[in-house]
Every structure is written in C-alpha cells, then in structure tokens.
Amino acid sequence: SASTGAAWGGPPAGAPAPARGPRDGMTLLTELGALTVDDDERPRLTEVGRDMAALPLDPRLARMVVEGHRNGALGDVLVVVAALTVQDVRERPAEERDKADQFHRRFTDKTSDFLGYLNLWRYITEQRRELSGSAFRKMCKAEYLHWLRIREWQDLNAQLRSMCRERGWHPPSGQASEDDLHKAILTGLLTNVGMREEDAREFRGTRGIRFQIFPGSDLARKPPRWVMASELVETSRLWARDVARIDPAWIEQLGGHLTRTQYSEPHWSDARGAAMAYEKVLLLGLTVVEARRVLLSRVDAPLAREMLVRHGIVEGRLDTRVPVIRENAEAVAQARELETRSRRRDLVIDDEALVAFYLERLPGDITSGRHLESWWKKRGHRDPDSIRLTPADIRTSEAAPDAGDFPPFWQQGDRRFELRYEFDPGVDADGITVRIPLPQLSSVTTAGFEWLVPGLREELYTEMLRTLPKYLRRLCSPPAEYAALLARDVTPRSAPLPVALAQALSARIGTTVDPREFDPTQLPDHLRVRFEVVDGEKVVASGTDLAALRTRLQDKVRDTLNTRLVPDDGPFRQWSADTIGDLAPSVTGTVDGVEVTVYPALRVDADGIHRVACATEEERRTRQASAVLTLISSDLVSASSILRGRPVEQRLALTQYPHGGVEALVSDAALAACGRIIARRKGVPVLTVAEFTELRDAARAEVPGAVASAISTVVPALVAAQEVSVRVAEAPAEVAEAVVPSLEFLVGKGFLARHPVDVLPHLERHVKAVGVRLDLAEKSPARHRELTARLARSEASVEEACAALRRRPGGARSSRELRWLLAEYRVGLFAQSLGTARPVSAERIDKAVANALAPRARR
C-alpha cells in the first residue's frame with residue numbers, strides 16, 4: 001500500500017510509489033544484512049537473507065520477524081508487524097476527535113508507540129474473548145475502533161504465525177521483554193533512527209536528514225535522546241511516525257555491518273598503563289558514539305608498542321614492577337642530573353635513542369603494561385641483561401665530569417644546605433639554588449657562596465677575568481687559559497673571590513691588580529648563587545641577595561624560632577628570679593626536621609619584657625645589650641635635680657632644648673653612662689638575674705653623678721646653640737641649608753648618647769665655630785661660598801665612606817671618628833681663631849677614609 005511505502009522513506013500516503021530499481025533493492029537488502037559481497041564483488045545471500053526470502057513480507061518487516069525469532073520476541077513482533085501492515089484500527093472523526101483521543105490514550109506508552117500497539121492488541125484480545133460478536137462490534141464503535149480493520153489485523157497475525165510454524169518457528173507462550181521487542185524492530189529500521197539535538201526538538205538522522213516526532217505521538221511532548229521510526233512522512237516538514245526510544249548501543253550491536261569507525265587522538269593513559277585512542281562510530285553519517293576510549297593496540301599495535309616504550313617506559317609514566325626498567329630509569333636520571341649540574345647536553349643519550357633501545361630489545365607483542373609484566377614474569381626475568389642499560393649505552397661522551405665537582409649539598413660550619421641545579425638559560429632559577437630552611441636563615445653567612453662549586457670554578461674565573469678593564473684583559477688573554485692556571489694557584493674560599501683572584505693574577509702577570517677592578521655584577525646569571533628560603537616544602541622567598549632576604553624575613557624567622565624553641569610567657573614587668581629567671585646560653589631543638597640552635601635574649605616593648613630567640617650569638621649580644629641598657633637606665637636621675645641651683649640662662653637652655661627638653665637630655669646622658677658600664681663586660685652578654693642585679697646596682701651608684709657631670713659639661717654649648725639657632729633662622733636660605741646639618745650633628749637629638757665623653761668639652765667650641773661661619777657668610781659671601789665648595793668634597797667622601805661602613809661589623813666606631821674629623825675640618829676652614837683639637841686638612845680626611853675602608857678590601 002502507499003502508506004507502507006512511506007514507512008521506508010518513500011512518498012507520503014496517497015502518492016504513487018516510485019519504481020525501485022535493482023540497485024536500490026540491493027542497497028536495501030545489504031542494509032538489512034540479507035546480502036553480502038564476496039571476494040569477487042558478487043552479491044551473496046546471508047543466512048538472514050535466506051530466512052527473509054521465505055517470508056512474503058516487505059524486506060524490512062521480514063527482517064524484524066527473523067530477529068524476533070532469534071531473540072525470543074517472535075509473538076510480540078508478529079503483532080507489531082501486522083499492525084504496521086494494515087491500516088490503523090483507531091478512528092478519529094473530525095467532529096469527535098477529543099473524545100476519540102481520550103479513549104485511545106488508554107493504550108499509549110510514553111517510551112514507545114509500538115508498545116501502544118501491543119497494549120491495544122491485548123485489550124482487544126481480552127474483550128473479544130469476553131464479549132459476543134455483536135457486543136464486541138458495539139464496543140469497537142463506542143471506543144472509536146474500526147471493527148473490520150481489527151479483523152484484518154487479527155487475520156494477518158494468524159497468517160504470519162502459521163507461516164512461522166511451517167518453518168519451525170514457534171512463538172513463546174509468555175511476553176517478551178520490551179528491549180528484545182525493540183531490538184527486533186530496530187533491525188528493520190536502522191536507517192530510520194535519529195538523535196535529538198541538545199535543547200531542541202529536532203533529530204539528526206542518517207544520510208544528513210533532519211526530522212521531528214509527529215505531534216500525535218505521545219513521545220512528542222518529551223522527546224527522548226535517541227529514537228527509531230517506522231515511517232518518515234514529508235508534509236510541511238519531515239515527520240517521524242510510530243516512534244520508540246532506543247539505546248544507541250543497540251545500533252552497534254545490530255547494525256555493525258552499516259557502521260563506520262574512526263579513530264583519533266592516540267594518547268598514553270597512566271591509569272590503564274597502555275596507549276589509548278578515541279573511537280567514533282557513525283551509522284550512514286550519523287554519529288552513534290562520539291569519543292569512546294579504546295585500546296590503541298586493537299587499532300594500531302605497532303604504534304601502541306612505540307607509545308608504551310616512549311611514554312610509559314622512557315618518560316617513566318608506567319608504574320612497572322620490572323626491576324631492570326626501574327634501575328635503567330635511575331641510572332639515566334643520575335646521568336642527566338650530572339648533565340644539568342655541569343651545564344652540558346652532550347653526555348647522555350636522548351629519549352629517541354632510549355626508545356630505539358627498548359623497541360629493539362622488547363618482544364614485538366608487548367603493547368601495554370599488562371603485557372610487559374606478563375612477559376617479565378614468564379620469560380624476561382631469565383635474562384634481565386637483555387634490556388639492561390650499561391654505562392656505555394647511557395654515555396655519549398668519554399670525558400664525563402666528576403660528580404664530586406657538583407655536590408648535592410653546601411657545607412657551612414656544622415650546617416648543610418641542599419643545592420638544586422637548573423640548566424635553563426633565561427629563567428630565574430637557572431644555575432645553582434641554595435635551599436635554606438627558614439629557622440636557619442639568620443645564622444647563614446654570605447661568605448663563600450660566591451665561589452660556587454668546584455665544577456664551575458674555571459668558568460667562573462674566566463668570566464671574572466672578562467670583567468677586568470681592557471688594559472688588564474690584554475695581559476691575561478686568552479681568559480680561559482689563564483683561568484685554568486688560576487685554578488691551580490687559588491685556594492677556594494680562602495678570601496673574598498676578587499681578592500684571591502687579584503693576588504693570584506698579580507703574581508702571574510707581574511702587575512698589581514686591585515680587587516676592585518673586578519666587577520662581579522657583570523657575571524652571567526648562572527654564575528651567581530640564588531637562595532631559596534623554605535618553610536617545610538613551601539618556598540617562602542627567593543633571590544640572589546641573602547642579606548636582603550634575611551632583612552625581609554627576620555620577623556618571620558624570629559616568630560618561628562620563638563614559637564618552636566623559646567616560648568614567650570610575657571610580657572613581664574621586671575627581670576627577676578620569680579619572672580623570667582636566668583637565660584640559657586643556647587637552646588637546641590628540631591624545627592621542621594632541621595636541628596637548630598638559638599640563643600635566648602630579652603626584648604623590651606611598651607607592654608613589658610619578652611623572651612625572644614636569636615639566630616646567632618652576635619645577634620643575641622646586640623639585642624641583649626639593648627634590652628639591659630633600657631632596663632637599667634630608666635628612673636635613675638630626675639630632671640629637677642639637674643636644674644636645681646643652676647643660673648637662669650642655663651635652666652632656660654636646658655628646658656627649651658628643642659628635642660625633648662631637659663628630660664630628653666637626662667635620658668640620653670643616662671643611656672650613655674649605662675652603656676659605658678655595660679661595655680666593661682667586653683661583649684659578654686648579661687644572661688643571669690645575678691649579673692643583671694649587679695649591673696643595675698652599679699648604674700644606681702654611678703649614673704646620677706655621670707649624668708650631672710655630662711650635662712654640666714655641655715650646658716655652655718647648649719646656651720651657645722640657642723643664640724646660633726636664632727641667627728640661623730634669620731640667615732639666607734643658602735647659608736642656613738649649609739650650617740643646619742653640622743649644628744644638628746653637634747647638639748641635635750640624642751647627641752649625649754651619640755658622642756663619646758671625651759668630645760663633650762669641645763662642643764662649645766664647635767657651636768661657636770658655626771656662629772663664626774655665619775659672620776663670614778654675612779661679611780664675605782663669596783669667601784663663604786668658596787670655602788663651602790671646598791668643604792663639600794670632603795663631606796661627600798665621608799658620607800660615602802660612612803654608608804659603606806654601616807654594613808660592616810664595628811663600622812659605627814670608624815664612622816664616628818670620620819665625622820668628628822670632618823667637624824674639626826669645618827672649624828679649621830671657617831673659625832681658625834678658635835683652633836682645632838688636632839691637625840686636619842682635606843688630604844688627612846682622604847687618608848683617614850682610605851684607612852677606614854682598606855681593612856675590608858684586604859680581608
């Protein structure tokens with residue numbers, strides 16, 4: 001019939017069926033699995049085709065019946081096939097359509113229109129058995145069912161069952177499962193399947209067609225992801241009628257002869273221990289499986305074998321229990337680590353050579369980790385040397401560096417720090433990185449790191465020679481040869497690198513080389529040590545300036561050490577046996593697996609006294625001295641006692657001192673006096689309550705008199721300073737700017753604590769010299785400018801030297817001496833009539849600056 005033709009993608013109902021040629025028929029039978037092509041490209045009937053030929057049905061329906069017999073759903077399949085052959089038994093008069101739909105809705109199924117046919121069949125069968133012929137016809141009419149078409153359906157089903165019995169096919173007595181029924185139907189409708197687009201109602205079908213479910217189907221309201229349809233009818237658009245939900249896996253199972261498989265993106269899977277690929281299955285252009293992971297060995301065994309070797313074995317991504325492969329990997333890793341440390345890439349075979357080695361030695365049927373383990377267990381363990389890498393296999397150069405020249409650790413005293421080597425020019429970590437545990441940061445010194453490790457020293461010496469001025473480079477060319485000679489002459493870490501090289505090079509070339517001629521800042525980045533501060537496994541900070549790292553992290557280091565080794569129970573109001581007690585000379589403990597020694601000290605804050613941990617004895621000496629000085633210097637002398645009995649002008653100078661009045665002067669003088677008492681211990685820190693009590697008693701006995709004496713000595717200078725300050729305020733800006741720094745140095749904030757006792761009697765003379773200078777600026781401005789310009793050179797030299805000395809131990813004393821020498825020079829320039837305490841000149845200042853800086857260069 002015309003409607004039957006439309007079910008196979010033919011014309012709509014009522015249109016004449018087109019003639020089907022031999023080629024179309026063969027294509028249809030091939031799609032149904034009834035025909036196959038032999039080696040001579042001639043069509044041949046399959047077993048399914050022979051079974052279909054015995055049934056006088058449309059090929060698609062016949063294929064359903066054959067599959068129904070095979071999977072045990074024959075009885076239900078015959079009912080559905082008969083329903084698809086005859087005209088629909090359900091009637092929908094236009095004037096009573098809603099009422100008819102209400103009756104028909106009893107038989108619908110939300111997942112399959114074919115199950116709706118079965119539900120209707122079972123209802124009709126039950127009613128036919130219970131009702132008489134007349135009553136059954138009335139029931140059909142009342143429920144909008146066509147009685148004659150029902151008879152046709154029943155007769156056709158009986159005929160089909162009879163034909164099947166003649167072939168020995170007997171329908172089972174019970175009902176088949178829904179999946180088996182739909183699988184049987186799907187074998188005849190493989191080209192009428194479709195997949196719904198995301199968030200749309202349209203389906204993509206085979207050969208690029210697109211369709212929607214006919215609105216009359218119960219599945220149209222909530223379309224499933226995958227469907228099959230008994231017919232595709234084209235009216236205003238292409239509609240699918242009699243549809244059912246299917247599992248796309250059935251398409252692969254039943255229509256494998258129509259599917260085409262594509263493989264892509266071969267990749268290694270660590271979890272599977274094998275090479276994998278993505279499989280895409282298409283049914284006549286419709287994607288059934290998008291990206292299913294399958295073993296690559298099923299598709300391309302040679303490629304799977306190569307990927308096992310390359311990614312699994314050579315790259316170490318296979319978790320194997322074959323001991324020889326693990327030993328090979330360790331040997332190659334050690335050789336490559338030495339390559340990295342020596343900054344070479346020509347010592348070890350590359351990955352391609354390793355891949356070739358294993359491909360040559362391993363059996364050809366090993367394509368996965370499971371195969372490798374099985375081979376080793378059965379045969380491989382008998383001859384492990386067949387896949388063992390020898391040193392000759394690994395090395396590509398006979399001139400391999402000595403591993404001892406590139407140690408894994410840096411030793412500094414009793415501490416040892418891990419070294420990490422990187423050979424990656426252009427990145428920050430290129431070169432050598434010293435990993436310093438956070439608790440040990442404050443105790444690490446910079447000494448020695450500039451020498452690097454033995455294996456890099458000749459390159460280091462070569463690059464240092466290249467930083468010399470041109471006239472010296474000519475005398476030591478070529479630098480690489482001289483670097484080799486210097487390597488024999490120099491004792492590493494015996495002195496700062498520039499000093500040691502300068503001495504050795506001077507002996508070689510017969511010309512004195514100043515260490516300052518070298519410029520380490522021009523060295524390549526990989527020849528400068530990088531530091532990495534770690535807290536456990538976490539990197540806290542990194543950089544090439546160890547001192548800057550220490551400064552930046554000093555609070556964090558102190559907090560870590562305090563928390564772990566020296567808990568702070570404070571604050572305390574006083575240091576006594578009942579509060580803090582004696583401080584231990586040192587405390588040793590383990591912090592994050594690192595043994596650390598710290599030195600307890602005290603810190604005085606606004607809220608009281610705290611215990612702190614110092615990383616070095618030097619830090620503890622400085623911190624403890626400061627804390628003890630603060631504790632013993634407070635409340636020793638009252639300001640009123642200093643003012644009592646003094647003339648009015650002196651009391652006025654003291655009370656109007658611009659940096660805190662008489663109270664500040666008393667405090668500064670007390671600090672200076674207490675500092676001299678503490679200095680008698682010659683750097684030995686005060687650690688016990690008894691020592692502190694002794695110092696405090698000495699301070700109470702000595703400090704009041706020392707304070708009174710010091711203030712009496714400087715009062716004339718303060719009176720003079722009051723008068724000079726008034727004149728400075730009235731002087732021209734240029735003059736005031738020149739003299740204010742010297743006045744601040746003499747009697748500025750904290751001057752009593754800053755100046756040694758022996759210079760206090762000279763303060764009045766120096767202050768009066770400022771007044772004489774103001775006179776000169778007023779009477780002879782040109783002469784004043786000339787002398788000021790002469791002074792500026794010496795001032796700049798002294799300031800530069802003091803800046804350098806601040807970074808040295810003991811540099812404060814040298815800086816103080818240079819500043820007082822400069823102060824005497826000012827008196828000699830502007831107030832010669834007042835005289836100087838010692839001979840002074842610009843040349844003497846230059847010599848003093850050179851002497852102050854020279855010891856640092858000679859060490």
Side-chain angles (χ1 to χ4, degrees), residues 445-447 496 547 550-551 601 614 616-630 632-633 667-686 695 699 702-703 706-707 709-710 713-714 717 741-742 744-763 765-766 794-828 836-859:
T445 64
T446 58
R550 258 201 310 260
T551 301
C614 299
T616 64
E617 290 187 88
E618 179 62 31
E619 181 188 355
R620 196 259 298 277
R621 276 195 294 270
T622 303
R623 184 173 292 277
Q624 186 68 0
S626 175
V628 171
L629 178 61
T630 302
I632 68 174
S633 63
S667 177
D668 290 345
L671 283 175
C674 290
R676 290 191 291 273
I677 294 173
I678 294 174
R680 295 174 194 164
R681 298 182 59 85
K682 298 181 179 180
V684 178
V686 179
L695 277 180
E702 300 176 22
V703 169
V707 170
S709 175
T713 302
V714 301
S742 59
E744 284 295 318
F745 169 72
L746 295 171
V747 292
K749 184 176 181 180
F751 77 95
L752 276 174
R754 183 170 65 246
H755 297 324
V757 175
D758 58 342
V759 303
L760 296 183
H762 299 281
L763 286 178
R765 175 171 56 87
H766 283 273
S794 296
E795 286 179 334
S797 178
V798 168
E799 286 303 321
E800 183 178 347
C802 290
L805 290 169
R806 274 197 298 269
R807 298 189 291 268
R808 300 185 185 182
R813 180 186 295 274
S814 298
S815 296
R816 186 165 57 242
E817 292 174 354
L818 289 177
R819 291 186 186 280
W820 271 107
L821 185 61
L822 181 65
E824 292 290 349
Y825 184 46
R826 291 192 187 99
V827 175
T836 59
R838 50 181 166 171
V840 63
S841 65
E843 291 74 15
R844 290 178 184 271
I845 291 178
D846 290 342
K847 185 176 181 180
V849 167
N851 289 336
L853 297 176
R856 177 66 176 179
R858 287 197 297 266
R859 280 199 293 271

**Student:** Does the plane of the ring in H762 sit parallel, tilted or perpendicular to the ring in H766? Use 30° and 60° as the thresholds.
**Tutor:**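 Correct class here is perpendicular.
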**Student:** Please determine whether the number of non-hydrogen atoms from other residues, nucleotides or ligands lying under 6.0 Å from atom CZ of R676 exceeds 12.
**Tutor:** yes
**Student:** T616: what forms a side chain to side chain contact (heavy atoms under 4.5 Å, CB included) with it, not counting sequence neighbours?
**Tutor:** S443, E618, E619
**Student:** I'd like to know whether V703 forms a side-chain contact (heavy atoms from CB on, under 4.5 Å) with S633, so could you lay out the CA-CA distance, the side-chain angles of the two residues, the decisive distance to 0.1 Å, and finally the verdict.
**Tutor:** CA-CA 8 Å; V703 169; S633 63; over 6 Å; no
**Student:** Taking all heavy atoms of A852 and all of L805, pick out the closest pair and write down the distance.
**Tutor:** O-CD2, 3.8 Å
**Student:** Do the non-hydrogen side-chain atoms of L818 and I845 ever get within less than 4.5 Å of each other?
**Tutor:**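 When only atoms from C-beta onward are counted, I845 and L818 do not touch, as no gap falls below 4.5 Å.
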**Student:** Donor-acceptor pair, E824 side chain versus A837 backbone, under 3.5 Å?
**Tutor:**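 Yes; at least one donor-acceptor contact below 3.5 Å.
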**Student:** Quick one: pull up CZ in F751 and CG in D668 and give me the separation to the nearest 0.5 Å.
**Tutor:**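 It comes to 7.5 Å.
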**Student:** Roughly how far apart are K847 NZ and L821 CG, rounded to 0.5 Å?
**Tutor:**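 These two atoms lie 12.0 Å from each other.
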**Student:** So which atom in L671 and which in L629 form the shortest heavy-atom distance, rounded to 0.1 Å?
**Tutor:**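 In this case the closest contact between L671 and L629 is O-CD1, 3.5 Å.
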**Student:** Hey, could you give me the CG/CD distance between L853 and E800, rounded to the nearest 0.5 Å?
**Tutor:** 8.0 Å
**Student:** For the OG atom of S742 and the CZ atom of R819, what is their distance to the nearest 0.5 Å?
**Tutor:**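 The distance works out to 12.5 Å.
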**Student:** Between L752 and L760, is there a side-chain heavy-atom distance shorter than 4.5 Å?
**Tutor:**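 The answer is yes; the side chains approach within 4.5 Å.
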**Student:** If you round to the nearest 0.5 Å, how far is OG of S626 from CZ of R621?
**Tutor:** 15.0 Å
**Student:** Backbone N or O of A601 within a donor-acceptor pair of the Q624 side chain at under 3.5 Å?
**Tutor:**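 Side chain of Q624 to backbone of A601, a donor-acceptor pair under 3.5 Å: no, none is there.
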**Student:** Is there side-chain contact between H755 and V714, with at least one heavy-atom pair below 4.5 Å?
**Tutor:** no
**Student:** Locate the shortest heavy-atom distance separating S794 from Y825; write the atom from each residue and the value.
**Tutor:** OG-CE2, 3.6 Å
**Student:** Identify the two heavy atoms, one from E795 and one from L822, that lie closest to each other, and give their separation to 0.1 Å.
**Tutor:** CG-CD2, 3.8 Å
**Student:** Do you know the tightest heavy-atom contact between R623 and C614?
**Tutor:**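 In terms of heavy atoms, the two residues are closest at CD-SG, 3.7 Å.
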**Student:** Would you give the length of the straight line joining atom CZ of R765 to atom CG of L746, rounded to the nearest 0.5 angstrom?
**Tutor:**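 Spacing of CZ (R765) from CG (L746) equals 10.0 Å.
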